[in-house]
2 protein chains.
Amino acid sequence: MQEIIRPLARQTPSKIVLLVLDGLGGLPHPETGRTELETASKPNLDRLAKLGVCGLSVPVGPGITPGSAPGHTAIFGYDPLRVNIGRGVLEAIGIDFPIQQGDVLARGNFCTVDKQGNVTDRRAGRISTELNASLCPLLEMKIEDVRVFTAPVREHRFVIAFRGPGLAPDVTESDPQREGIPPATVNALTRASGKMARIASRFAEKAKAVLAEKRPANMVLMRGFSKKPDIASMKEIYQLKPAAIAAYPMYRGLARLVGMEVLPTGATFEDEIETLRKNWKKYDFFFVHVKKLDSAGEDGDFARKAKGIGEIDSAIPEIVKLNPDTIVVTGDHSTPAVLKGHSWHPVPTLLYSKYCRPDNAQEFSESACLQGGLGAFPATHIMPLAMANALKLNKYGA
Amino acid sequence: MQEIIRPLARQTPSKIVLLVLDGLGGLPHPETGRTELETASKPNLDRLAKLGVCGLSVPVGPGITPGSAPGHTAIFGYDPLRVNIGRGVLEAIGIDFPIQQGDVLARGNFCTVDKQGNVTDRRAGRISTELNASLCPLLEMKIEDVRVFTAPVREHRFVIAFRGPGLAPDVTESDPQREGIPPATVNALTRASGKMARIASRFAEKAKAVLAEKRPANMVLMRGFSKKPDIASMKEIYQLKPAAIAAYPMYRGLARLVGMEVLPTGATFEDEIETLRKNWKKYDFFFVHVKKLDSAGEDGDFARKAKGIGEIDSAIPEIVKLNPDTIVVTGDHSTPAVLKGHSWHPVPTLLYSKYCRPDNAQEFSESACLQGGLGAFPATHIMPLAMANALKLNKYGA
């Protein structure tokens, strides 16, 4: 898709708003038969759906439950099966860690182990970010010719960067995923990653020694070994000047990875809209990320998710008032409250512009989107459609 | 697709009519909310839609606005992203220019330049085709070991063929796309195309000298440098004996490129139908091309486009009377009057045969096609579906 789009993209004054409501899609409440979105009061989203064109986007593939990274890369127009962004890279980018070419990044958890070395708390009682920050420097070291850097994220989470020659990220994780057993050995998954496995294992040993007296944070677990993917920026592909408005580090990190400028913003959707308004003239593409629906879904809190949709809806007119040429409202995946987690279900998506062909979707809901003009479609189509509707794509072929 | 179809195709007496209404798809009129097709009186197309199966074909990809060439190659079953047909080749084929293997073709425009060499009219006041024909021979020449041939097309447009060893078509165009500046230099885009760029630049200089006293046609512009693509014919792929009925040179050229026999015909749809009737027994596949809807759309003339659809509809019974086994009515792209140009919107498509499974499309319109049994589908599926419905495909696999 990107190879086709790239030579066609043109810079124009028209503006695109891509509103990603994390975990938007849902499933019916067992008592009412209506999903979170169908339960919410959302007159403004309904109006956009009626005027625009709707559909259900498939983030990765049929039956595939996406993590946040593939969910977002797909929306940004990158094939999520080719662009693999590891958790370690994501964490690092989200805190502005200065990644260098060749670094292998891992997500670290401080954890608690007992005298036998068995994990008793995978999150070390969620120690304070301050304690985390005071422990991280103890873990900076040199192993063979590899330097190990660390940086605190939040509570028990921190970033580990391995910097040195010949490191490949294809290794297993040391987080055993449950308590009562010791951390797992880091093993190489490919011939090239033998050194990385050895260094990571040595790091775990040394960390255990360094942290011996630091209970509850007396050990570390490592997950998501990864390198920064080598991908073209949205500026290069789409000729856009893109900005990201996201309160959560991971989404800022994802946006930075594809070359968006990350704007400082407050924690609420209202703060984000205010950031959008203040920066309206400076960019032609805005990725606005809202986290709270996903959190409510993960907590299994159907009512809170429905209420959250209503709150977001109230602020939609503020976006419409800015008069964007294209507005897309979608999610990176579904997070049905009944499943208490991400799911594989296609995501309700609406696209509004002056040039939408009318369809039968008269409101914004899973069932209405099923009748929409976009049908069920890969999420990687969102960007080409948004670009076309903002008249930012030249004709293909003579 | 072709790789699957090719071994399955079989020759049968059954007949297929592929009616391509150029630029068929539209967008709602702001006052009525109805598209051109939804505004037109078209009882015969509605009847076919009701009896047949409908859908919306996507010529190239989501958000991609196709030129005429990819729009048609897709309908003929060739992947429009692989088969790249340049404007120069198209123009040449459309006038029956005898292309030889290795020729680089360009589309030439006679234009007017002032004393400073700036373009004052990119079309030289649309000089007569006769004047064009008298000027073309002046431009035939030899540059190094390359022979340059020319042939008039219409008004200010002509074909330039560069014939000689080592010519690659990857060069920039000399048409500056606006007036008030000189023609652009032809530059090589790849290492292999250095010679072509040099020859084209030399040709431009010589043409300027030769045409110095021929104002308004005192200079030439070059576009669409290209070579004939190396593709299998429709005969080879589908085992068809295909004929093309098209009044416009470009579409005759496209048809010839995929191996159709191009039948001489008059300018109106009635003429084309007469040609169809006269040749009915001689071929088993007829591509019938109608240009006028696209022209009306490009002119932004909603009413003329809607009226044109009505006129085409009146002649549909003449096709039905011939009793084809499969009738397909589609377009190569949408040309909504409100956009005054080609667009990315999927194209209303109907397929009629004795073996269609009924669907909810009760008339031929964008909104009805959205309810159709074919759904939204790549235009490259049209030929396999047409072949299947004419019982021209064997079973796949044991």
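Just so you know, these numbers use all the heavy atoms, side chains as well, and skip hydrogens, waters and symmetry mates. Throughout, a chain's letter reflects where its sequence line sits, starting with A, and its residues are numbered from 1.
Only the side chain of A:M1 comes within less than 4.5 Å of a heavy atom in chain B; its backbone stays farther off. Proximity to chain A is absent for every atom of B:P59, based on heavy atoms less than 4.5 angstrom apart. With a threshold of 4.5 angstrom between heavy atoms, B:L27 approaches chain A through side-chain atoms but not through N, CA, C or O. Looking at A:L374, neither its backbone nor its side chain comes within 4.5 Å of chain B, counting heavy atoms on both sides. With a threshold of 4.5 angstrom between heavy atoms, A:I382 does not approach chain B through any atom at all.
Of the listed residues B:I85, B:L81, B:L56, B:V338, the one with more heavy-atom pairs under 4.5 angstrom with chain A than any other is B:L81.
Shortest non-hydrogen contact noted between A:P384 and B:P62 is CB-O, 3.2 Å. Nearest heavy-atom pair across B:G63 and A:A388 is O-CB, 3.3 Å.
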Using distance alone, with no hydrogens and no angle check, list the donor-acceptor pairs under 3.5 Å between chain A and chain B.
from, atom 1, to, atom 2, distance (Å)
A:Y355, O, B:H345, NE2, 2.6
A:R357, NE, B:G26, O, 3.0
A:R357, NH1, B:P346, O, 2.7
A:R357, NH2, B:G26, O, 3.1
A:R357, NH2, B:S334, OG, 3.2
A:R357, NH2, B:P346, O, 3.1
A:Y396, N, B:T65, O, 2.6
A:Y396, O, B:G67, N, 2.6
A:Y396, OH, B:P80, O, 2.9
A:A398, O, B:S68, N, 2.9
A:A398, O, B:A69, N, 2.9

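Interatomic distance, CD1 of B:I64 versus CD1 of A:I4, reported as 5.5 Å (0.5 Å rounding).
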